[in-house]
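The first residue in the sequence is number 1, and the count goes up from there. Counting starts at 1 for both ligands and their atoms, following the listed order.
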Amino acid sequence: MDSDQKALRLARSCVLEIKPYEPGKPIEEVKRELGISDVVKMASNENPLGPSPKAIEAVARAVAQMHVYPDGSCYELRKALSAKLSVPGEWIVFGCGSDETIRMIAEAFVEPGDEVVFGAHTFSQYEFVTRVTGGKCVSVPMPSARLDLDAVKHAITPRTKLVFVANPNNPTGLMISRSQLTGFITTVPDHVVVVVDEAYFEYVESADYPDSINEYVKSGLNVVALRTFSKMYGLAGLRVGYGVARPDLVAVIERVRPPFNVTSLTQVAALAALEDTDHVRRSREVNAAGKRLLYSRLDAMGAEYLPTEANFLLVNANRPSREVSNQLLRMGVIVRPADIFGLDGWLRVTIGTPEQNERFLAAFAACLAR
Ligand SMILES: *Cc1c(COP(=O)(O)O)cnc(C)c1O
């Protein structure tokens, strides 16, 4: 027996069910592997403008204190968010990215055998944390890529602990409207916690978009709203996100939080990013303009895509996702093949700067012409 198999026999059975995560390829890796120098990454929904210059300065000022443990309570960041969101500080829990917040929620609420409900084509972290905690994944089919909240409701049983709803959804970019989400959330039985993942909150343009903090959390419902600094705020590399919920829910999640899960440099960067409203406004404008450019050019090419409320676009390549994404890679354009989300034939493309959008459009047109 080789050593790999020995370790497998020692692993918890739920661990054996976990599929390895496949991240967007890093630019340096593509340069190395394909021997090309001019590469753009439109694969991980990062802010193409980069971080706020104020966040960069704040980190530079704080660097000399890196020998000191971070403030485990994130006092200053909590105070600023509490004011911005108009919720008391005890209603907020910070994670090392939303990834960790999602994991803490599962660790806090899911017993082995408990059921966790989410859509069939969504963020892979929901499945991952359910498996890690020994929960049972209940995947709700999404005909025409939409999450049907009636179907989600029918999937709820006495064993259901959590429901994850990404709004807007990743990888589709589609939004659930206020009336739909309110109709669902207000009728969920009270042994269920609904987690509304609003990672792309800051990008949404639709007036029908429900702000879960104001509309559900503040009404006292069993809802955790998730936000992150990884997308609009441009801090994906520093890792910080947060959940907002009733303080009794937050207190339970706090029990499983590692004490120093948000680094000191991350805390000062997030605070500065939050205050740089100019950078946020610019980022939103670049995204909105990029979206319109991509729509009109894809329309002209006759390519199908889903209308997005986020900073990425799901585009139908009408051919195996891998084949097309590999062709694009060789032209120096990294996108996400959507087969990993169960949507083979589609590509998830992050909306970039005008130059990056043109790079993608030219490469995609060349692929389709082949
Ligand atoms: C990108 C993303 C996140 C954010 O993850 P972080 O860990 O905060 O970087 C969370 N949820 C969804 C649906 C996302 O697409």
Using a 4.0 Å heavy-atom cut-off, say whether E100 meets ligand 1 through its side chain, its backbone, both or neither. neither
Side chain to side chain donor-acceptor pair (under 3.5 Å) evaluation trace for T187 with K153: CA-CA 9 Å; T187 55; K153 207 154 118 195; 3.1 Å; yes
Given that the side chain starts at C-beta and the backbone is N, CA, C, O, which of these parts of Q125 lies under 4.0 Å from ligand 1, counting heavy atoms, or is it both or neither? neither
Using a 4.0 Å cut-off to any heavy atom of A199, which atoms of ligand 1 qualify? 2 (C), 3 (C), 10 (C), 11 (N), 12 (C), 14 (C)
Can you list the atoms of ligand 1 that are under 4.0 Å from a heavy atom of K231? 1 (C), 2 (C), 3 (C), 4 (C), 14 (C), 15 (O)
Which residue owns the protein heavy atom closest to atom 7 (O) of ligand 1, what's the atom, and how far is it? R239 NH2, 2.6 Å
Polar contact flag, side-chain donor to acceptor under 3.5 angstrom, E46-T350: no
Looking only at protein heavy atoms, which one is nearest to atom 13 (C) of ligand 1, and what is the separation? D197 OD2, 3.4 Å
Quick one: does N45 get within less than 4.0 Å of ligand 1, heavy atoms only? no
Inter- and intrachain pairs under ring-ring contact (aromatic ring centres under 6.0 Å, His included), touching residues 61-114, at least two apart: Y69-F260
Going by heavy-atom distance to atom 9 (O) of ligand 1, choose the closest among P171, P168, G97, S230. S230
Number the atoms of ligand 1 from 1 as they appear, then name those within less than 4.0 Å of a heavy atom of N170, with their elements. 13 (C), 14 (C), 15 (O)
Quick check: does any side chain N or O of N287 sit under 3.5 Å from a backbone N or O of S283, one acting as donor and the other as acceptor? no
Are Y200 and ligand 1 in contact, using a heavy-atom cut-off of under 4.0 Å? yes
Could you check whether R284 pairs with E205 (Lys NZ or Arg NE/NH1/NH2 to Asp/Glu carboxylate O, under 4.0 Å)? no
Per-residue contact class, D99 against ligand 1 - non-hydrogen pairs under 4.0 Å: both
Should L77 and V244 be counted in the same cluster of Ile, Leu, Val, Met, Phe, Trp and Tyr side chains packed under 4.5 Å apart? yes
Under 4.0 Å from ligand 1, counting heavy atoms only, is it the side chain of S98, its backbone, both or neither? both
Check the orientation of F229 and Y233. Use parallel for under 30°, tilted for 30 to 60°, and perpendicular for over 60°. tilted
Between E100 and N261, is there a side-chain donor-acceptor contact under 3.5 Å, judged purely by atom types and distance? yes
